[in-house]
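Labels below follow one simple rule: chain letters A, B, ... track the order of the sequence lines, proteins then strands, and each chain is numbered from 1.
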Protein chains: 2
Amino acid sequence: MSRKAGRSPSETRRLLLDAAGTMIRTRGVSATLDDIAQRAGVSKGGLIYHFASKDDLIRALADDLLQTFRDAVEAACDPADTAPGRLARAYVRACLDTGQDERVLRESIALLAQLITIPAVAELARADAERWDRELQADGLPEDVLALVVSAADGASNASLWGGATVAAKLRRLEQQLIQLTLDHTLWSHLRLTSNPDVPGGSGGFD
Amino acid sequence: MSRKAGRSPSETRRLLLDAAGTMIRTRGVSATLDDIAQRAGVSKGGLIYHFASKDDLIRALADDLLQTFRDAVEAACDPADTAPGRLARAYVRACLDTGQDERVLRESIALLAQLITIPAVAELARADAERWDRELQADGLPEDVLALVVSAADGASNASLWGGATVAAKLRRLEQQLIQLTLDHTLWSHLRLTSNPDVPGGSGGFD
DNA sequence: GTCTATACTGTGATAGAC
DNA sequence: GTCTATCACAGTATAGAC
């Protein structure tokens with residue numbers, strides 16, 4: 001028999017994950033298990049029952065965040081858009097959009113960066129990055145355009161990490177430019193033609 | 001009189017900072033003061049003498065890393081380059097160059113990301129980011145080009161954080177492209193002309 | 001002034017009560 | 001299945017050797 005259960009185990013798990021996110025966001029990874037458990041309305045022992053250790057809790061939280069980002073990119077996919085670079089454009093939108101949810105999402109980057117302390121999380125992030133790399137490369141975009149656009153999207157979303165003032169108008173503007181870059185390849189080939197001839201790998205790479 | 005000094009205080013400080021960097025890189029912020037002190041060849045108390053607390057040590061380490069990056073950008077400045085975007089190009093080189101020192105530099109990003117847990121470090125990073133923003137905006141580059149180039153450089157250097165496989169050849173290629181973008185504005189204005197008309201702030205901003 | 005030795009406080013983890 | 005009691009250990013503070 002349960003000692004006392006006003007909620008289901010899965011509900012408790014979710015409460016604990018949310019509480020962990022909030023506490024670590026504000027107090028850093030040094031946030032206490034006591035704090036997290038209390039905020040979720042359970043005891044420290046109760047927390048440890050659901051997550052074997054603090055590392056395990058953090059790993060689960062990181063997993064949750066990465067999945068949330070994937071969902072956001074999927075939601076940003078335009079069903080009417082079937083041109084090459086479809087996924088890249090959704091990726092850019094998810095990284096740069098300034099809506100209510102997207103703001104929370106982009107701020108999660110700072111949270112995830114803190115979690116990466118734990119080796120298991122680092123491995124999780126590595127695998128996730130590799131998967132994005134694979135999926136984006138299958139998106140049909142010229143290699144150079146893809147590298148530029150994705151780097152810029154990453155850089156802009158990572159800016160919150162370093163405390164850079166993120167002006168919504170600037171982000172929307174960059175977003176439009178990046179999306180335009182994925183659509184207007186002629187422009188890009190012009191850049192390549194005029195570029196420094198001693199660039200390594202200067203030929204090939206275009207589809 | 002010093003109880004025992006096979007080295008000067010400033011040497012001890014440097015040893016401690018380097019030890020802290022190494023240990024935190026490998027074991028995360030949870031690296032013990034004992035570990036760090038031992039690696040530097042002093043006792044835990046000795047560490048606490050030089051740095052009042054672990055937070056203080058970490059703040060000093062972050063300060064050191066930010067300064068090292070500034071030095072790297074300065075070193076990447078081409079004296080012969082006097083065209084607008086001079087600083088942006090040096091910034092790109094420092095972020096993307098794949099030499100011996102630069103590699104260490106780019107890996108320091110992951111370290112700094114871990115330190116940002118401490119509020120004092122977050123504030124330090126915020127101020128530093130703001131300063132870069134100011135200096136780069138005074139660099140004479142069109143606003144749009146600057147935003148794109150800097151975002152991309154940031155994104156590429158932050159990739160190591162997320163475990164993305166950083167291929168040297170790809171980085172050098174992106175570097176050349178970004179530098180080319182800062183030099184070839186005509187190309188960019190073409191992109192702006194063809195871009196979506198509903199982009200906010202679509203007029204003005206060019207110098 | 002610089003450091004070592006050591007004692008104190010609070011956190012993460014465990015065993016076992018209910 | 002949930003929580004209490006307890007332990008081991010990390011960060012901090014202090015006394016004192018040199």
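Other residues, nucleotides and ligands place more than 12 heavy atoms under 6.0 Å from the CD atom of B/Glu123.
The interatomic distance linking A/Phe51 (CZ) with D/dT2 (C1') rounds to 15 Å, in whole Å. The CD-P distance, from A/Gln38 to D/dC3, rounds to 13 Å in whole Å. B/Leu47 places its CG atom 10 Å from the P atom of C/dT4, with the value rounded to the nearest Å. If you measure from atom CZ of B/Arg13 to atom P of C/dC3, you get 12 Å, rounded to the nearest angstrom. One can place CD1 of A/Ile36 at 15 Å from C1' of C/dA13, the figure rounded to the nearest angstrom.
Between the B/Arg86 side chain and the B/Asp81 main chain, a donor and an acceptor come within less than 3.5 Å of each other. Side-chain N or O atoms of A/Ser53 include one that pairs as donor or acceptor with a backbone N or O of A/Asp56 at under 3.5 Å.
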Mind listing the N/O atom pairs, protein and nucleotides 9-12 of chain C, below 3.5 Å?
| unit_1 | atom_1 | unit_2 | atom_2 | d |
| --- | --- | --- | --- | --- |
| C/dG12 | OP1 | A/Lys54 | NZ | 3.0 |
| C/dG12 | OP2 | A/Leu33 | N | 2.9 |
| C/dG12 | N7 | A/Lys44 | NZ | 2.9 |

Could you give me the CA-CA distance, side-chain angles and deciding distance for B/Glu175 and B/Thr98, then say whether side-chain contact (heavy atoms from CB on, under 4.5 Å) is met? CA-CA 10 Å; B/Glu175 175 189 344; B/Thr98 50; over 6 Å; no

Hey, can you pull the donor-acceptor pairs under 3.5 Å for the side chains in residues 30-42 of chain A, sequence neighbours left out?
| unit_1 | atom_1 | unit_2 | atom_2 | d |
| --- | --- | --- | --- | --- |
| A/Ser30 | OG | A/Arg27 | O | 3.2 |
| A/Asp35 | OD2 | A/Arg27 | NH1 | 2.8 |

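Residues passing the side chain to side chain contact (heavy atoms under 4.5 Å, CB included) test with A/Ala76 are A/Ala90, A/Arg93, sequence neighbours excluded.
Nearest nucleotide to the side chain of A/His50, out of D/dC3, C/dC3, D/dT2: D/dT2.
Look at B/Tyr49 and you'll find a side-chain N or O under 4.0 angstrom from OP1 or OP2 of C/dT2.
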